[in-house]
**Student:** 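Below you'll find the structure I mean.
Read the numbers this way: they start at 1 and go in the same order the structure lists the ligands and their atoms. Note: hydrogens, waters and symmetry copies are ignored here, and every other heavy atom, side chains too, is used. FYI, the numbering just counts along the sequence from 1.
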Amino acid sequence: MNRDYLVIVPTYNEITSIGVLLPQLLELNLDILIVDDGSPDGTADACRALGLESGRIVVVERKKKLGLGSAYKAGFKYGEDRGYKYLIEMDADGSHQVSDLLSLMTAIQEKQPDLVIGSRWVTGGAVENWARRRQWLSRSANVYAKLLLGGKVKDMTAGFRIYRTEKLIQIDLESVKSEGYCFQIEMTMRMAQLGGEILESPITFIERKYGVSKMSKKIVFEAIYRVTAWGLSAKFRRKRTFIATCDRP
Ligand SMILES: Nc1nc2c(ncn2[C@@H]2O[C@H](COP(=O)(O)OP(=O)(O)OP(=O)(O)O)[C@@H](O)[C@H]2O)c(=O)[nH]1
Ligand SMILES: [Mg+2]
């Protein structure tokens, strides 16, 4: 059976969370690709075991931790090569809800944007159990990115998204260098530069219950450095980094 949707889930030491997420995803009409970076806790084996019966879970196992950006690029390449119409990004840690995934799928089907972003910072969006410091970090990262890059997107760092593959293939992924959550900012910027239509749809983001966050100072500094460089270079060339983006309600 040819399915339209491939959900790409990058994992690093998510054995407990993935055991909760995969059975829920298997209830939906989609295929699942796990990109695991040699998790010492056995996440990859657990995913294979969970997928045995359905045959709908593929695990790509890389030898070492290579970063979120590179995991998604590998996943996109896999999905593009196999002709999926839509490619979904979703965290394994339980922060992204399957109920919200259904509304993102409805949004992309009905409104046909090139990218739908599950957004915490639009009307109707929310975060649960997130420490103030994390909320502040996410909001500041978005304010800073918007200040330097322009555009209308309110949650550029969000990692819960659906791309229309037809448009995604226009992005030269080889030249996308961001590794951490800056990858999400860069992909949003690239999509906008190509004139892609971007829609934000509200989600409730829930702090993980199991495992540990991979957020680090290095990841934060990467975002500050790259966003500043893109913003300044656009200003220098008197060019807006973002081309008009659309965020229809
Ligand atoms: N394959 C792979 N997956 C990763 C890597 N880093 C993080 N992940 C996964 O990417 C997803 C998001 O990582 P989190 O640790 O939740 O980081 P985050 O969502 O940016 O940060 P929090 O807000 O603290 O949750 C999770 O499913 C991780 O397991 C990596 O280097 N390689
Ligand atoms: Mg997370």
**Student:** Working note: K177 + E222, criterion salt bridge (Lys or Arg N to Asp or Glu O under 4.0 Å); need CA distance, chi angles, decisive distance, verdict.
**Tutor:** CA-CA 10 Å; K177 299 291 179 208; E222 183 202 28; over 6 Å; no
**Student:** Output the list of atoms in ligand 1 that are nearer than 4.0 Å to some heavy atom of D91, sorted by atom number.
**Tutor:**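 Matching atoms, with element in brackets: 11 (C), 12 (C), 19 (O), 27 (O).
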**Student:** Is a side-chain donor or acceptor of E179 paired with a backbone partner of I219 at a separation under 3.5 angstrom?
**Tutor:**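 Absent.
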**Student:** Side chain, backbone, both or neither: which applies to K214 and ligand 1 if a contact is any heavy-atom pair less than 4.0 Å apart?
**Tutor:**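 Looking at K214 and ligand 1, atoms from backbone and side chain both fall under 4.0 Å.
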**Student:** For atom 23 (O) of ligand 1, tell me which residue out of R134, K65, M215 has the closest non-hydrogen atom.
**Tutor:**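 That would be R134.
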**Student:** Between Y72 and F183, how do the two ring planes meet: parallel, tilted or perpendicular, split at 30° and 60°?
**Tutor:**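 Rings of Y72 and F183: parallel, as their planes differ by under 30°.
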**Student:** Is it the case that the side chain of Q112 and the backbone of Q109 share a donor-acceptor pair, with hydrogens and angles ignored and the cut-off at 3.5 Å?
**Tutor:**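 Yes, the answer is positive, given that a donor and an acceptor are paired below the 3.5 Å cut-off.
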**Student:** Do V7 and L102 land in one hydrophobic cluster if side-chain heavy atoms of ILVMFWY residues count as linked below 4.5 Å?
**Tutor:**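 Result: yes, single cluster for both.
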**Student:** List every atom of ligand 1 that sits less than 4.0 Å from any heavy atom of V35, numbering the atoms from 1 in the order shown and giving each element.
**Tutor:**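 Here the atoms of ligand 1 in question are 1 (N).
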**Student:** Any nitrogen or oxygen of E207 lying under 3.5 Å from a nitrogen or oxygen in ligand 1? Just yes or no.
**Tutor:**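 N/O-N/O distance under 3.5 Å: no.
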**Student:** Would you please determine whether Y12 falls within less than 4.0 Å of ligand 1 on a heavy-atom basis?
**Tutor:**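 Contact present.
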**Student:** Under a 4.0 angstrom heavy-atom cut-off, which atoms of ligand 1 come close to D37?
**Tutor:**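 Numbered from 1, ligand 1 contributes 1 (N), 2 (C), 30 (C), 31 (O), 32 (N).
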**Student:** Starting from atom 9 (C) of ligand 1, locate the nearest protein heavy atom and write down its residue, its atom name and how far away it is, to 0.1 Å.
**Tutor:**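 Going atom by atom, the protein heavy atom closest to atom 9 (C) of ligand 1 ends up being P10 O, 3.4 Å.
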**Student:** Taking only heavy atoms of W130 into account, list the atoms of ligand 1 that are under 4.0 Å away from them.
**Tutor:**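 Going through ligand 1 atom by atom, the ones under 4.0 Å from W130 are 23 (O).
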**Student:** Nearest heavy-atom pair of I171 and L194: which atoms, and what distance?
**Tutor:**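 Looking at all heavy atoms of both residues, the shortest contact is CG1-CD1, 3.4 Å.
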**Student:** Look at the side chain of E200 and the backbone N and O of K154, then say whether any donor-acceptor pair between them is shorter than 3.5 Å.
**Tutor:**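 The answer is yes, because a donor-acceptor pair under 3.5 Å joins these two groups.
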**Student:** Any N or O on E14 sitting closer than 3.5 Å to an N or O of ligand 1?
**Tutor:**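 Yes: some nitrogen or oxygen of E14 is under 3.5 Å from one in ligand 1.
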**Student:** Near A71, which atoms of ligand 1 are under 4.0 Å from a heavy atom of that residue?
**Tutor:**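 What qualifies from ligand 1 is 1 (N).
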**Student:** Any idea which protein heavy atom is nearest atom 8 (N) of ligand 1, and the distance to it?
**Tutor:**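 Result: L68 CD1, 3.9 Å.
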**Student:** Any idea which heavy atoms bring Q97 and F160 closest together, and the distance?
**Tutor:**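 It is O-CZ, 3.5 Å.
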**Student:** Please classify the T11 to ligand 1 contact at 4.0 Å (heavy-atom distances, strictly less than): side chain, backbone, both or neither.
**Tutor:**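 Contact part for T11 vs ligand 1: backbone (N, CA, C, O).
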**Student:** Need the atom name: nearest N/O/S atom of D93 to the Mg ion (ligand 2).
**Tutor:**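 Distance check against the Mg ion (ligand 2) picks out OD2 in D93.
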**Student:** For atom 13 (O) of ligand 1, is some protein heavy-atom partner under 4.0 Å away?
**Tutor:**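 No; the ligand atom in question lacks any protein heavy-atom contact below 4.0 Å.
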**Student:** Has the side chain of T204 got a donor or acceptor atom that lies under 3.5 Å from a matching backbone atom of V127?
**Tutor:**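 Looks like no, no N/O pair under 3.5 Å.
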**Student:** Nearest to atom 16 (O) of ligand 1, what protein heavy atom do you find, and at what distance?
**Tutor:**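 Here the nearest protein heavy atom works out to D93 OD2, 2.5 Å.
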**Student:** What orientation do F76 and Y163 show, parallel under 30°, tilted 30 to 60°, or perpendicular over 60°?
**Tutor:**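 Perpendicular: the ring planes of F76 and Y163 meet at over 60°.
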**Student:** Do any N/O atoms on F205 end up under 3.5 angstrom from N/O atoms on ligand 1?
**Tutor:**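 No - when backbone and side-chain N and O of F205 are compared with those of ligand 1, no distance drops under 3.5 Å.
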**Student:** Side chain, backbone, both or neither: which part of F160 comes within less than 4.0 Å of ligand 1 when only heavy atoms are counted?
**Tutor:**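 Looking at F160 and ligand 1, no heavy atom falls under 4.0 Å.
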**Student:** I'd like to know if the side chain of S95 and the backbone of I206 have a donor-acceptor N/O pair within less than 3.5 Å.
**Tutor:**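 Yes, S95 side chain to I206 backbone: donor-acceptor pair under 3.5 Å.
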**Student:** Using the salt bridge (Lys or Arg N to Asp or Glu O under 4.0 Å) rule, take E207 and R134 through it: C-alpha gap first, then chi angles, then the decisive distance, then the call.
**Tutor:** CA-CA 10 Å; E207 171 63 326; R134 280 301 280 117; over 6 Å; no
**Student:** For S213, take its heavy atoms, then give the atoms of ligand 1 lying under 4.0 Å from any of them.
**Tutor:**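 That gives atoms 15 (O), 21 (O), 22 (P), 24 (O) of ligand 1.
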**Student:** Please confirm whether G67 comes under 4.0 Å of ligand 1, counting heavy atoms of the residue only.
**Tutor:**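 Right, G67 reaches ligand 1.
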**Student:** When only distance counts, is R208 in polar contact with ligand 1, meaning an N/O pair under 3.5 Å?
**Tutor:**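 In this structure, R208 places an N or O atom under 3.5 Å from an N or O of ligand 1.
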**Student:** Can you check whether R56's main-chain N or O pairs, donor with acceptor, with S54's side chain at less than 3.5 Å?
**Tutor:**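 Flag set: sc S54 to bb R56 pair under 3.5 Å.
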